[in-house]
Amino acid sequence: MKLYQITYDLRKQRDYQSLFERIKAYGTWCRPLESTWIIATTQTAAQVRDNLKLAMDADDGLLVTRLQGDAAWYGLSAKATEWLKNQYGRCQV
């Protein structure tokens with residue numbers, strides 16, 4: 001499994017629910033910040049992008065980046081912190 005960070009801007013028509021459903025369908029996910037999610041998957045970044053953009057409009061923005069190596073954070077919830085600690089221990093980084 002690989003970890004990917006997903007960040008987005010939904011601009012005019014903000015259909016968050018459809019996007020959130022697609023992200024949650026990956027099964028292993030965390031939402032550490034308002035417009036940031038992290039998922040664990042075997043897919044490539046391009047495959048994740050192609051899947052998520054089906055829930056987006058042409059004027060929206062999406063960035064999918066693989067998380068590798070070091071990670072550091074500040075001010076996240078205890079739940080998000082625990083999730084990240086667990087995933088970094090189990091995922092290929």
Looking only at heavy atoms, what is the nearest atom pair of Leu62 and Lys53, with distance?
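Looking at all heavy atoms of both residues, the closest pair is CD2-N, 4.3 Å.
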
Looking at every non-hydrogen atom in both residues, tell me the closest pair between Ala55 and Arg22 and how far apart they are.
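Residues Ala55 and Arg22, closest heavy atoms: CB-CD, 3.7 Å.
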
Donor-acceptor check, side chain of [X] to backbone of [Y], threshold 3.5 angstrom: yes or no?
| X | Y | answer |
| --- | --- | --- |
| Glu82 | Lys79 | no |
| Trp29 | Ala40 | no |
| Asp60 | Arg11 | yes |
| Arg31 | Glu34 | yes |
| Thr36 | Pro32 | no |

Is [Y] close to [X] at the side-chain level, that is, under 4.5 Å between some pair of heavy atoms?
| X | Y | value |
| --- | --- | --- |
| Ser35 | Asp9 | no |
| Leu3 | Leu84 | no |
| Ile39 | Thr28 | no |
| Ile6 | Ile38 | no |
| Thr42 | Met1 | yes |

Val48 with Met56, same ILVMFWY side-chain cluster at under 4.5 Å:
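As far as the 4.5 Å side-chain criterion goes, Met56 and Val48 are connected within one cluster.
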
Transitive ILVMFWY side-chain link Trp83 to Trp73, under 4.5 Å
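Both belong to a single hydrophobic cluster.
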
Would you give the length of the straight line joining atom CG of Leu52 to atom OG of Ser18, rounded to the nearest 0.5 angstrom?
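Between Leu52 CG and Ser18 OG, I get 11.5 Å after rounding to 0.5 Å.
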
Rounded to the nearest 0.5 Å, what's the gap from CG on Asp57 to CD on Gln13? Could you check?
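CD of Gln13 is found 4.5 Å from CG of Asp57.
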
Testing the 3.5 Å rule here: is there a donor-acceptor pair between the side chains of Tyr26 and Gln43?
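Checked: Tyr26/Gln43 side chains pair up, N/O donor to acceptor below 3.5 Å.
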
Just checking Phe20 against Trp37, ring centres under 6.0 Å apart?
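Between Trp37 and Phe20, which both carry aromatic rings, the centre distance is below 6.0 Å.
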
Go through it in stages, so that I can follow the logic: the residues are Leu10 and Tyr16, the test is side chain to side chain contact (heavy atoms under 4.5 Å, CB included), and I'd like the CA-CA distance, side-chain angles, deciding distance and then a yes or no.
CA-CA 8 Å; Leu10 300 186; Tyr16 292 102; 3.4 Å; yes

Flag if over 12 foreign heavy atoms under 6.0 Å of CG, Asp70:
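Counting neighbours around CG of Asp70, 12 or fewer heavy atoms of other residues, nucleotides or ligands fall under 6.0 Å, so no.
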
Go through Thr7 and Leu33 one step at a time and tell me if the side chain to side chain contact (heavy atoms under 4.5 Å, CB included) criterion holds.
CA-CA 9 Å; Thr7 55; Leu33 298 168; over 6 Å; no

Starting from the C-alpha separation in whole Å, work towards a yes-or-no answer on side chain to side chain contact (heavy atoms under 4.5 Å, CB included) for Thr41 and Tyr4.
CA-CA 8 Å; Thr41 182; Tyr4 290 100; 3.6 Å; yes

